[in-house]
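So the structure is just underneath, and the comments pick up after that.
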Amino acid sequence: MRGFYRLISGFLSCLLFTSTLLAEPTESLVGKSVDNFKLQDFRGKQVQLEDARDQKLVVLAFLGTECPLAKLYGDRLQKLADEYETQGVAFYAIMSNQQDSLTEIAAYARKHGIKFPVLKDPGNRVADQIGAVRTPEIFLLDQSRTVRYHGRVDDQYGVGYIRDEPKRQDLKIAITELLAGKPVSVASTKPLGCFIGRIREPDPNSSVTYSNQIARLLQKHCVECHRQGEIAPFELTEYEEVAGWAETIAEVVRDQRMPPWHADPAHGKFSNDRSLTKAEKELIYQWVENGAPEGDPKELPEPRTYVTGWKLPQKPDAVFYMDEKPFKVPAQAGKRGVKYQYFTVDPGFKEDKWLTGAEALPGNRAVVHHILVFARPPQGKRVRVFGEGDQFLVGYVPGSREVMLPEGMAKKVPAGSKLVFQMHYTPIGTEQEDRSKVGLVFTDESKVTHQVMTAHVLNHEFTRRKFPIDANNDNFKIEGTSPPSDRNMLLLGFMPHMHLRGKSFRYELRKTPDGPGEVLLDVPAFDFNWQTAYKIEKPIPLEPGDYIHCVAHFNNSDSNLSNPDPDKPVYWGDQTWNEMMIGYFNVAVPREEAKAENRAQAVAFRLVLKRDKNKNGQLEKSEVPLVELPVFFRADQNKDDVVTVNELADMLEKTRGNKEE
């Protein structure tokens, strides 16, 4: 995860859950006159709007110390202030959140190098006078102190999308136009971000309070991340802090952005389901509508104890860093961003290791979008993202948690294997460094009853770049089917993977490659920013001959605001500006059956799939080229002029055995 940067989409939404709460302004604030105000900065110095009487323009930026979006724009606003300082443009930051202390405001100003006045707005009086609702929210005033532009700084960040760079720098364009004596071409845009934490009057008769219900809900669903030192941009452990975020909490819950969970509840049950029930949501809505009352602190639940550093239930047996030196992440990286970085580490495994737990940890959460860690056996070699024999071990993505396998289950990492880190970085406007790591937990081989393997579903024509995702297509479908299961095993979980154009992803269990399937997992709204692993509550038995089928849809149109360029077709590739369709899934195989993978079965499946023109899962004589008919007749064991996957696999296995003899 990328900390606050990648959490933006979780805290932004354009919907309010009820009209009784603070409403967005229905009329434009452009043309409104702003009266003089007097506020103190974090040092206690009094500052007033009238101080800028000689300035041609004034920018009022409503900010907050912990809002993810406001954190990103602090540096950018200072750069604009520096650029226009000599041209008669003054900047003021106004901090109206009740939960922002002077100490926190001072720290915000120092961290972002803000030199213009940063003012505390007690009781949100100035925000109320002007009509500010969110952070960040911009008001550009002319010399008569009339609002000429209102809205966002630029369009780089929005609801569910984050661009590598802005397409339109709204505030900068508006300043330039006004200084040139021109009207503002786009005078109003929609500000996006967190609600200003206003002073509210709690209902003393509310049956729902923070102490008796809300604190328990937050402990159950939120505090694991929203606590000191963890990935969330602010803490939710104290009443004053939570009350300041009340409207934002209700909004992201209503919009189903928090807690992050994207599986359709109609299909499957998952042990790591973090979604709220309807009743729990209603409690939150009622509490906020009643003014976020505290209640009796004596009713608060006992504080929970959380593991600091690692989320694994025990200290890792071994820790490996991605490299000896940190990787430098540039301040900016253009439209395509930073290319995925690959680091190979030799852990020095002299014997086979049995892995029961793993966790990947970023060294710098602000710039690490995701980490994928693979084990590459001695004979393995890289092919695009993964090589022949590479095994996925653990990932770090927004919303991910540590990987701990059920008792008796473990992944085998062969002696001599290397660890491969795939690192995805996203710049945040200042040069950063990162040195991420992975922690591994081992067990004795004697305790392992099931070997766990991570398999995947691909569309091989897509991976070979035989076709692209069409330009300006908002629902492009790509399907893939696994080789048939060649033994009894247990299905443990899924991790669908796509990039910025990913729209939806579905897993099915099929008895034939093209027959109807049972839906195991449906993700109707895939989000690249929250690539969740779904752990099946009760493992599903797979029988020999079963298939896992995946159906993915992609939105490569301009309706997908994350799309870098809807006018270009998109081919397979491991970089963010390319696309992928990988259906990872974990299976557990009993140790007595966990021999080397049946390569003949996999090869036979792919050969049949390639020649099977009528898509019935088997080969008929008319589908086979003339030069391959001798192989067809050898494989057709029952002489019915049809070759099944199993018949072809048996022939391939016998051929290999004869060669070995």
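It should be emphasised that the depicted structure is a prediction, and the values quoted were computed from it without experimental measurement.
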Assess, by modelled atom type and distance only, whether the side chains of [X] and [Y] contain a donor and an acceptor separated by less than 3.5 Å.
{"X": "T463", "Y": "N459", "value": "no"}
{"X": "D522", "Y": "H267", "value": "no"}
{"X": "H226", "Y": "T237", "value": "no"}

Roughly how far, to the nearest 0.5 Å, is the [atom2] atom of [Y] from the [atom1] atom of [X]?
{"X": "R376", "Y": "D346", "atom1": "CZ", "atom2": "CG", "value": "12.5 Å"}
{"X": "E351", "Y": "E445", "atom1": "CD", "atom2": "CD", "value": "9.5 Å"}
{"X": "K437", "Y": "E359", "atom1": "NZ", "atom2": "CD", "value": "9.5 Å"}
{"X": "I371", "Y": "F343", "atom1": "CD1", "atom2": "CZ", "value": "10.5 Å"}
{"X": "N556", "Y": "K503", "atom1": "CG", "atom2": "NZ", "value": "11.5 Å"}
{"X": "T356", "Y": "M404", "atom1": "OG1", "atom2": "CE", "value": "4.5 Å"}

Residues which pass salt bridge (charged side-chain N to carboxylate O under 4.0 Å, His left out) with R168, listed by chain and number, not counting sequence neighbours: D170
Just by distance, do the side chain of [X] and the backbone of [Y] share a donor-acceptor pair under 3.5 Å?
{"X": "Q341", "Y": "K339", "value": "yes"}
{"X": "Q219", "Y": "E302", "value": "yes"}
{"X": "N97", "Y": "G197", "value": "yes"}
{"X": "D100", "Y": "T65", "value": "yes"}
{"X": "Q575", "Y": "Y340", "value": "yes"}
{"X": "E137", "Y": "A61", "value": "no"}
{"X": "S436", "Y": "G363", "value": "yes"}
{"X": "D255", "Y": "R257", "value": "no"}
{"X": "S271", "Y": "E537", "value": "no"}
{"X": "E579", "Y": "D574", "value": "no"}

Identify the two heavy atoms, one from [X] and one from [Y], that lie closest to each other, and give their separation to 0.1 Å.
{"X": "V118", "Y": "A109", "answer": "CG2-CB, 4.0 Å"}
{"X": "Y425", "Y": "M322", "answer": "OH-CE, 3.2 Å"}
{"X": "H450", "Y": "L490", "answer": "NE2-CD1, 4.3 Å"}
{"X": "P136", "Y": "A70", "answer": "CD-N, 3.8 Å"}
{"X": "A263", "Y": "L521", "answer": "CB-CD1, 3.7 Å"}
{"X": "W577", "Y": "R501", "answer": "O-NH1, 3.4 Å"}

Under the side-chain hydrogen bond (donor to acceptor under 3.5 Å, both in side chains) criterion, do T430 and Q432 qualify, and how do the steps go? CA-CA 6 Å; T430 58; Q432 300 283 318; 2.9 Å; yes
Ring centres under 6.0 Å, that's the criterion: do [X] and [Y] meet it?
{"X": "Y157", "Y": "Y73", "value": "yes"}
{"X": "F526", "Y": "F505", "value": "no"}
{"X": "Y534", "Y": "F494", "value": "no"}
{"X": "F585", "Y": "Y507", "value": "no"}

Is the shortest side-chain heavy-atom distance between [X] and [Y] below 4.5 Å?
{"X": "D434", "Y": "M423", "answer": "yes"}
{"X": "W354", "Y": "Q451", "answer": "yes"}
{"X": "Y210", "Y": "L218", "answer": "yes"}
{"X": "F270", "Y": "W261", "answer": "yes"}
{"X": "V394", "Y": "V438", "answer": "yes"}
{"X": "L491", "Y": "N586", "answer": "no"}
{"X": "V420", "Y": "V373", "answer": "no"}
{"X": "V452", "Y": "L492", "answer": "yes"}

How far apart are the C-alpha atoms of F327 and R435, what are their side-chain angles, what is the distance that settles it, and do they pass the side-chain contact (heavy atoms from CB on, under 4.5 Å) test? CA-CA 6 Å; F327 175 76; R435 188 168 177 247; over 6 Å; no
Hey, mind stepping through L171 and L80 against side-chain contact (heavy atoms from CB on, under 4.5 Å) and telling me if it holds? CA-CA 9 Å; L171 175 57; L80 286 172; 3.9 Å; yes
Give a yes or no on whether E238 atom CD has more than 12 heavy-atom contacts from other residues, nucleotides or ligands under 6.0 Å away. no
Could you go through E251 and R134, starting from their C-alpha distance and side-chain angles, then the distance that decides it, and tell me whether this counts as salt bridge (Lys or Arg N to Asp or Glu O under 4.0 Å)? CA-CA 12 Å; E251 182 183 47; R134 294 184 181 264; 2.6 Å; yes
Considering only NZ, NE, NH1 and NH2 on the basic side and carboxylate oxygens on the acidic side, decide whether K172 and D154 come within less than 4.0 Å. no
Pair D82 + K115: basic N to acidic O under 4.0 Å: yes
Do K353 and F442 form a cation-pi contact, if we require the NZ or CZ to be under 6.0 Å from the six-membered ring centre and within 45 degrees of the ring's axis? yes
Does the side-chain hydrogen bond (donor to acceptor under 3.5 Å, both in side chains) test come out yes or no for R76 and Q156, once each step is laid out? CA-CA 12 Å; R76 195 166 302 183; Q156 186 170 2; 2.9 Å; yes
One pair to check against side-chain hydrogen bond (donor to acceptor under 3.5 Å, both in side chains): E280 and H221. What are the steps and the verdict? CA-CA 10 Å; E280 289 173 329; H221 296 281; 3.2 Å; yes
Just do the side-chain contact (heavy atoms from CB on, under 4.5 Å) check on T443 and V448 with the steps written out, would you? CA-CA 8 Å; T443 189; V448 179; 3.8 Å; yes
CA sep, side-chain torsions, deciding dist, call: L458, I582, side-chain contact (heavy atoms from CB on, under 4.5 Å): CA-CA 5 Å; L458 300 170; I582 307 177; 3.7 Å; yes
Classify the ring geometry of F528 against H497: parallel below 30°, tilted from 30° to 60°, perpendicular beyond 60°. tilted
Please walk me through it: do K411 and T454 pass side-chain hydrogen bond (donor to acceptor under 3.5 Å, both in side chains)? CA-CA 9 Å; K411 285 188 175 183; T454 298; 2.6 Å; yes
